[in-house]
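I have placed the structure first, in the form of structure tokens, so that the comments after it can refer back to it.
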Amino acid sequence: MSDIRLEGVSKRYGSVAAADSVDLAVAPGEFVTILGPSGSGKTTLLSLIAGLTAPTAGRIFIGGRNVTRATAQERNIGLVFQSYALFPHMSVLENVLFPLGVRRITGPDARGRALEALKQVRLEGLENRRPSQLSGGQQQRVALARAVVFKPDILLLDEPLGALDRKLREELQVELKQLQRTLGITTILVTHDQEEALSLSDRIMVLNHGRTQQVASPAEAYLRPANRFVAEFLGIANFVTLADGRQGVVRPERVKLSANGGGGPIDGAGRGGTGTPARVVEAIYLGQMVRYHLALQGTEDGAPAMVAAVPFVGPAHSPGAEVMVSWESADVWPVT
Ligand code: ADP
Ligand code: MG
């Protein structure tokens, strides 16, 4: 188990700052996810840590050792990419044996380790297959086994589940988390999928234009986003105006709905704390939840809309229904 530390790491491609003065400290055994939109610099950051790219500025430490100038081989890192990059002409077992061979570990010892790694990713019995005889999910499990078989100090995963369909992706997320916990290996995952980031990680780092927006626990980032970008990237954000004129964000789960009894205190448009009359524009049934798209009363087309996510317990409000919307001022998080 090693820690990872980035100090002021930058990478420029001409005029593009793919990584811009990034600081990050990952504790031994921690699972950190780098989350950001396409082109935000996620792969660049991972490549810098892996030693596949050299930084323009800054320093990188793994296990306390300054590896800024070390080659990828010298860093002892397990890597998994979205494209499985398995050797097609080799069997599953040979694929997993490969990194051991590179490290001159051969014979029964290597075989034992490879079979153990395959067991950890639940691929026992498939060791003689070729990659082409496996499903996408199984191929990605082989890639994972190959990445951990040589007991790397850290594990780096670049959108490893991105090519899989939703159900399979969710299954593999659970398995990935379990494997990471079993191995206790320091892990950095890269994804653009906010649900994946929120559900898997001890902490997430939100990236935009190569710059860190926030590093925090999933709950902290979701409920206390550092800025508007984080608020919107991590899910649906209802922006409301606070009494002091600042903007704040309320998450849909924190918005309360009640049938409009024609009364109740109202303090203007979206000031919160009490109740605001609204009309249901759309009610979307999501299984356990109903998501309501609401138009606040007294506002014209394109004016303040709200989204509420309410546990489904009985008949939902229909489109056109008049309702009361409220939220606690404690659930409004000011953003800049
Ligand atoms: P992400 O993985 O978040 O999609 P990348 O790290 O791949 O983002 O890219 C970040 C930025 O750096 C993008 O603007 C991309 O075009 C640029 N970039 C990445 N790699 C190179 C490269 N080898 N040469 C030039 N520009 C690059
Ligand atoms: Mg990428």
Side-chain angles (χ1 to χ4, degrees), residues 4-24 26 31-60 62 67-72 75 77-86 136 139-140 143-144 146-147 154-166 168-169 172-173 176 180 186-201 203-216 218 221-222 225-235:
I4 304 166
R5 208 164 75 243
L6 308 190
E7 290 180 359
V9 170
S10 296
K11 177 70 181 180
R12 300 198 71 87
Y13 291 111
S15 62
V16 176
D20 194 351
S21 297
V22 174
D23 295 315
L24 177 67
V26 182
F31 193 135
V32 168
T33 296
I34 301 173
L35 174 69
S38 178
S40 58
K42 304 183 295 296
T43 295
T44 298
L45 215 46
L46 219 61
S47 305
L48 289 165
I49 299 167
L52 305 173
T53 323
T56 315
R59 302 194 299 171
I60 300 168
I62 297 174
V67 297
T68 314
R69 310 253 165 268
T71 63
R75 299 188 194 197
I77 288 173
L79 269 174
V80 180
F81 297 104
Q82 177 172 340
S83 53
Y84 320 116
L86 299 177
Q139 289 184 44
Q140 206 50 322
L144 208 51
R146 194 178 58 177
I154 64 175
L155 181 60
L156 303 179
L157 310 159
D158 193 349
E159 313 247 11
L161 312 179
L164 307 174
D165 65 43
R166 188 185 175 91
L168 196 55
R169 201 165 66 222
L172 259 105
Q173 282 171 2
L176 177 61
Q180 191 268 341
T186 313
T187 300
I188 300 183
L189 169 80
V190 155
T191 185
H192 64 270
D193 179 334
Q194 49 97 3
E195 266 181 49
E196 186 163 296
L198 292 175
S199 61
L200 286 179
S201 333
R203 286 187 304 150
I204 59 176
M205 170 194 235
V206 184
L207 208 61
N208 193 26
H209 298 305
R211 240 170 284 138
T212 308
Q213 305 297 305
Q214 186 167 14
V215 182
Y222 185 73
N227 57 41
R228 209 176 162 102
F229 176 83
V230 176
E232 291 187 304
F233 198 72
L234 285 191

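Whatever order the structure lists ligands and atoms in, that order sets their numbers, starting from 1.
Distances from the Mg ion (ligand 2) show that Thr44 has no N/O/S atom below 2.8 Å.
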- Message: Is there a side chain to side chain contact (heavy atoms under 4.5 Å, CB included) between Leu46 and Leu52? Walk through the geometry before answering.
- Response: CA-CA 9 Å; Leu46 219 61; Leu52 305 173; over 6 Å; no
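With salt bridges taken as basic N to acidic carboxylate O contacts below 4.0 Å, none links Asp20 and Arg12.
Residue contact check: Ser38 has heavy atoms under 4.0 Å from atoms 4 (O) of ligand 1.
For atom 15 (C) of ligand 1, the nearest protein heavy atom is 4.0 Å or more away.
Within the 4.0 Å heavy-atom criterion, the part of Pro37 lying near ligand 1 is the backbone and not the side chain.
Counting heavy atoms from C-beta on, the side chains of Ile4 and Ile154 come closer than 4.5 Å.
When Leu35, Ile34, Val215, Thr44 are each tested for a side-chain contact (heavy atoms from CB on, under 4.5 Å) with Leu207, only one passes: Ile34. For the side-chain contact (heavy atoms from CB on, under 4.5 Å) with Leu6, the lone residue among Thr212, Leu24, Asp23, Leu48 that qualifies is Leu24.
Of all protein heavy atoms, the one lying nearest to atom 24 (N) of ligand 1 is Tyr13 CD2, 3.4 Å. Nearest to atom 9 (O) of ligand 1 among the protein's heavy atoms is Thr44 OG1, 3.9 Å.
Gln82 and Asp158 share no side-chain donor-acceptor pair at under 3.5 Å.
Looking at Ala18 next to ligand 1, no N or O pair under 3.5 Å apart turns up. Checked against a 3.5 angstrom limit, the closest N/O atoms of Val16 and ligand 1 fall outside it.
Taking only non-hydrogen atoms, the option from Thr43, Leu45, Ile34 nearest to atom 2 (O) of ligand 1 is Thr43. Distances from atom 4 (O) of ligand 1 to the heavy atoms of Ser15, Gly41, Gly39 show the closest one on Gly39.
Between Ile49 atom CD1 and Arg5 atom CZ the span is 13.0 Å, to the nearest 0.5 Å.
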